[in-house]
Structures are given as C-alpha cells and as structure tokens.
Colleague: 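Could you have a look at this structure, given as structure tokens, before my questions?
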Amino acid sequence: MKKIVVGSRGSKLAVTQTNWLIERLAAAHPDIAFELKIITTKGDRNQHQALDAIGDKGLFTAELEAELLSGEIQMAVHSMKDMPSALPEGLCLTVPPMREDPADVLVTPHGAASLDDLPEGAVIGSGSKRRVFQLKALRPDLQTVGIRGNIDTRIRKLFDEHLDGIVLAAAGMRRLNVYDAADYHLVPLLPPAFVPAPAQGILAVEIREDNAEVKALMAAISDETARVQMAAERSFLTALDGDCHLPIGAYCEAAGDAITLYGLYGDEAGTRLVKGSAAGRAADAERLGAQLAEQLRKALEQPESEVEK
C-alpha cells in the first residue's frame with residue numbers, strides 16, 4: 001500500500017486538525033496509507049515572546065517546509081491564518097477542505113452577551129495587533145495585554161491572571177470541542193463587523209509544486225466556497241505583503257457566484273486603521289483581493305482619509 005506522510009506541528013490543535021484531514025483523505029482514498037509526522041517549529045519552541053518580536057509567520061512553517069522540499073513528508077498541514085503571504089520557491093497550497101467557523105470569539109468569565117457588557121477598563125489578553133486594534137476601536141477604554149500559548153494555555157491564563165477576557169479563533173475552539181463550557185462565556189465577534197485574519201478557519205495543505213498525485217488526492221475532498229474565499233483573502237494578504245507586524249484582516253462573503261470581500265489594514269504602531277469592501281464575481285476572487293488591498297493601501301497613505309483610532 002502506498003504511503004503519504006503528512007507533517008504537522010505538535011500542538012493539540014495542530015494534531016487534531018491534521019488527523020481530521022487524514023480521516024477524510026483516508027475515507028476518500030482507502031488504498032493509500034496516510035501517516036502523521038510531528039515536527040517542532042521555532043514558534044513552538046519560543047512561547048514567551050510576542051510573535052512580532054521574534055520574526056514573521058514563517059515561525060510556524062519553516063521546519064515543515066524544509067521537510068517538504070527534502071521529500072521527508074509529502075504534505076504539511078497548517079492553519080491558513082499562520083501562513084506567510086509568500087511561500088518558498090517550489091511549494092504551493094492545494095485546494096482546501098471545508099472551512100470551519102471564520103470568526104473570532106471573546107472568551108470571558110463574565111456573564112457578558114456582548115462586548116459592551118464588559119466592565120469599564122476591562123483587561124483583555126491577545127497577542128494579535130489586528131484583534132487589539134479592532135477591540136480598541138469598538139471600546140477605547142479596554143486595556144490589553146500580550147498573551148501566547150495554545151488554546152488550553154490561554155484559557156488557563158484567563159483565570160490565573162484574572163483577565164476579563166481573551167480573544168481566540170472560533171475554529172480552533174470548535175475543532176478541540178471547547179467552544180461550550182460551564183466556566184466561561186463566549187461573545188462571538190462576527191465578520192464583517194470584526195474582521196478575522198485572512199483565511200481564518202481554513203486548513204492550509206502545503207505541498208511541492210511538482211506533486212501532482214497529492215493535488216489529485218486533495219481535489220476529492222475540496223470545498224469550492226472555501227477555495228474562493230481563500231483565493232480572495234490570500235490575494236488581499238499577498239498584495240499587502242502581510243506579516244504579523246501589521247494588523248491585516250480579510251473576510252470574503254460568498255453567495256453563489258457573488259462575493260463581497262471585506263478588508264482591514266493598519267500601520268504597525270496602531271495609530272491608524274482603515275476598512276473597506278469590494279464586490280464582484282467568484283471567478284474574480286484574486287483580482288478583487290488585490291484591488292481592495294490597493295484601495296486600502298492608498299487610504300492609509302492619505303492624511304485626510306477616514307480612519308479608526
């Protein structure tokens with residue numbers, strides 16, 4: 001039986017979502033054995049510094065990409081929101097499987113039904129500039145502190161550090177079956193009002209460009225809506241040359257052939273944040289992403305542009 005080795009980071013979420021993918025591939029291709037290989041990344045080894053202080057998003061992908069290029073593994077599974085805007089030469093992303101919930105969610109010990117229900121001056125933990133700047137735009141009184149670690153660690157810090165809330169991706173919480181719990185409340189921060197990271201909730205399956213066999217295997221479990229959303233949101237990110245130093249968000253609403261892309265872009269200091277949208281057809285998803293990116297880049301450069309502080 002032919003074997004395909006699938007690489008993953010070692011976190012609980014990474015392994016869970018990689019096994020989820022392997023199960024679907026195995027069901028679609030029972031004649032192939034899919035084997036999980038866990039690979040530790042630099043981002044996993046350094047859990048103490050903020051991401052923008054130790055490098056870019058390649059912190060979570062470089063080691064897996066090296067094994068792809070060497071042929072040690074044939075597939076690498078990541079959270080798409082962790083992927084750099086540009087991939088190493090010789091590698092590409094396959095079509096994606098169905099998308100999980102793309103929204104962010106506020107996890108809080110308070111019985112809050114909305115962000116407005118948090119106490120005055122509430123302290124929120126988040127290591128994401130995109131999340132922090134949007135929270136501040138909605139509630140300027142909120143205080144924020146940096147927080148890193150896996151989902152379980154961050155939820156533990158919510159209580160150990162007596163925070164009023166933390167912001168997590170709904171997709172990860174759902175995949176780990178911790179979206180509902182008795183000891184905390186959830187306030188969904190729904191797009192497009194609160195713009196998620198580009199392609200949040202989509203699994204990135206990275207392969208060698210010349211691996212036609214794995215491309216064909218993934219085609220059997222791909223989802224067309226997720227493909228269009230990924231194309232639009234990743235195009236927006238790529239056009240802005242996005243990394244973790246800048247607040248960048250994108251979300252594509254898809255209804256049949258019609259799509260609307262919502263984007264967010266800010267400066268590194270967090271003093272200015274611009275938002276916008278563009279509508280078009282699914283076939284033009286990549287062009288729409290690049291178009292909206294250029295629109296927001298120009299808006300941020302204009303001193304008189306309408307911005308959110």
Side-chain angles (χ1 to χ4, degrees), residues 1-44 57-100 102 171-172 175 197-235 237-238 252 254 282-283 285-286 289:
M1 179 179 286
K2 182 172 181 60
K3 182 174 74 173
I4 299 288
V5 182
V6 186
S8 170
R9 292 170 57 201
S11 73
K12 184 190 295 187
L13 175 58
V15 171
T16 297
Q17 61 192 22
T18 301
N19 280 330
W20 177 91
L21 182 78
I22 286 174
E23 288 172 8
R24 277 145 188 80
L25 284 168
H29 308 287
D31 55 328
I32 296 178
F34 294 89
E35 177 183 299
L36 171 67
K37 180 177 181 180
I38 294 183
I39 300 165
T40 302
T41 69
K42 181 179 179 182
D44 296 314
K57 291 185 180 181
L59 286 167
F60 295 114
T61 59
E63 286 82 358
L64 283 87
E65 289 170 339
E67 296 220 9
L68 276 174
L69 290 168
S70 71
E72 293 295 316
I73 62 176
Q74 287 72 57
M75 307 169 70
V77 181
H78 319 270
S79 292
M80 188 74 76
K81 68 183 182 66
D82 290 333
M83 296 300 291
S85 55
L87 302 183
E89 185 176 351
L91 299 181
C92 67
L93 298 176
T94 71
V95 288
M98 182 175 291
R99 187 177 203 171
E100 184 48 278
R175 286 179 177 133
Q200 184 162 294
I202 298 178
L203 291 187
V205 182
E206 192 175 16
I207 64 171
R208 288 172 58 126
E209 284 182 339
D210 58 4
N211 196 333
E213 178 185 20
V214 174
K215 289 179 184 177
L217 296 178
M218 281 299 301
I221 64 166
S222 68
D223 180 81
E224 179 59 16
T225 298
R227 186 197 66 77
V228 170
Q229 292 176 316
M230 169 181 150
E233 296 169 29
R234 287 279 299 172
S235 174
L237 177 70
T238 301
C252 177
E286 289 191 12

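All figures in this text were calculated on a predicted structure; none of them were measured in a lab. The chain is numbered in sequence order, starting from 1.
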Colleague: For L69 versus R208, what's the shortest heavy-atom pair and its separation?
Modeller: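 The answer is O-NH1, 2.8 Å.
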Colleague: Do the side chains of E35 and I73 get nearer than 4.5 Å, heavy atoms only?
Modeller: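 Heavy-atom side-chain distance check fails, nothing below 4.5 Å.
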Colleague: Name all pairs fulfilling the salt bridge (charged side-chain N to carboxylate O under 4.0 Å, His left out) condition that reach into residues 213-229, sequence neighbours left out, sorted by first residue then second.
Modeller: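 As it turns out, the salt bridge (charged side-chain N to carboxylate O under 4.0 Å, His left out) pairs with a partner in residues 213-229, which skip direct neighbours, are K2-E213, E224-R227.
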Colleague: So which atom in M1 and which in P30 form the shortest heavy-atom distance, rounded to 0.1 Å?
Modeller: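 For M1 versus P30, the nearest heavy atoms are CE-O, 3.8 Å.
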Colleague: Side-chain contact test, heavy atoms from C-beta onward, threshold under 4.5 Å: evaluate it for M83 versus L93 and give yes or no.
Modeller: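 In short, these two side chains touch, coming nearer than 4.5 Å.
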Colleague: Working to the nearest 0.5 Å, report the span between CG of L21 and OG1 of T16.
Modeller: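 Atom-to-atom, L21:CG and T16:OG1 are 13.0 Å apart.
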Colleague: Could you tell me whether a side-chain N or O of R234 sits under 3.5 Å from a main-chain N or O of G289, the two making a donor and an acceptor?
Modeller: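 It does not hold such a pair.
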Colleague: Report yes or no: does E233 contribute a side-chain atom to a donor-acceptor pair with the main-chain N or O of C252 at less than 3.5 Å?
Modeller: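 Yes, because the side chain of E233 sits within donor-acceptor range (under 3.5 Å) of the backbone of C252.
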Colleague: Roughly how far, to the nearest 0.5 Å, is NE2 of H29 from CE of M218?
Modeller: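 Rounded to the nearest 0.5 Å, the CE-NE2 separation comes to 8.5 Å.
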Colleague: Taking the side chain as everything from C-beta on, heavy atoms only, tell me whether R9 gets closer than 4.5 Å to S79.
Modeller: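 No - every pair of side-chain heavy atoms lies 4.5 Å or more apart.
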Colleague: Between CG of L64 and CD1 of I39, what distance do you get to the nearest 0.5 Å?
Modeller: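 Spacing of CG (L64) from CD1 (I39) equals 4.0 Å.
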Colleague: Under the 3.5 angstrom rule, does the side chain of S8 hit a backbone N or O of V77 as a donor-acceptor pair?
Modeller: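 A pair under 3.5 Å: no.
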Colleague: For E67, I'd like to know if atom CD has over 12 heavy atoms of other residues, nucleotides or ligands within 6.0 Å.
Modeller: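 More than 12 heavy atoms, drawn from other residues, nucleotides or ligands, come within 6.0 Å of this atom.
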Colleague: If you compare all heavy atoms of V95 against all heavy atoms of S222, which two are closest, and at what distance to 0.1 Å?
Modeller: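 Scanning both residues completely, I find the closest heavy atoms to be CG2-CB, 3.3 Å.
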Colleague: Where is the tightest heavy-atom contact between K81 and A197, given as atom of each residue plus distance?
Modeller: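 Distance-wise, the nearest heavy atoms are CB-CB, 3.9 Å.
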Colleague: By the definition side-chain contact (heavy atoms from CB on, under 4.5 Å), identify the one residue from V6, V5, L68, L217 that meets it with Q74.
Modeller: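 Passing option: V5.
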Colleague: Heavy atoms only: give me the nearest I202-P96 pair and the separation to one decimal.
Modeller: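 Minimum heavy-atom separation between I202 and P96: CG2-CB, 3.6 Å.
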Colleague: Under the 3.5 angstrom rule, does the side chain of T238 hit a backbone N or O of S235 as a donor-acceptor pair?
Modeller: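 Side chain of T238 to backbone of S235: no pair is present.
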Colleague: What's the verdict on side chain to side chain contact (heavy atoms under 4.5 Å, CB included) for T18 and K37, showing C-alpha distance, side-chain angles and the deciding distance?
Modeller: CA-CA 10 Å; T18 301; K37 180 177 181 180; over 6 Å; no
Colleague: Would you mind reporting whether L87 and T61 have side-chain heavy atoms less than 4.5 Å apart?
Modeller: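 The answer is no; the side chains never approach within 4.5 Å.
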Colleague: Can you list the steps and then say if L237 with M80 is a side chain to side chain contact (heavy atoms under 4.5 Å, CB included)?
Modeller: CA-CA 12 Å; L237 177 70; M80 188 74 76; over 6 Å; no
Colleague: Checking side chain to side chain contact (heavy atoms under 4.5 Å, CB included) for the pair N211/M75: CA distance, chi angles, key distance, verdict?
Modeller: CA-CA 10 Å; N211 196 333; M75 307 169 70; over 6 Å; no
Colleague: Using a cut-off of 6.0 Å, state whether more than 12 heavy atoms not belonging to K12 lie near its atom NZ.
Modeller: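 For K12, atom NZ is not crowded (no more than 12 foreign heavy atoms under 6.0 Å).
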Colleague: How close do P97 and A226 get, heavy atom to heavy atom, and via which atoms?
Modeller: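 Closest heavy-atom pair between P97 and A226: O-CB, 3.5 Å.
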Colleague: Check whether any side-chain heavy atom of M230 sits under 4.5 Å from a side-chain heavy atom of R99, and report yes or no.
Modeller: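 They are not in side-chain contact.
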Colleague: With a 4.5 Å cut-off on side-chain heavy atoms, are E100 and Q17 touching?
Modeller: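 Q17 does not reach E100 side chain to side chain.
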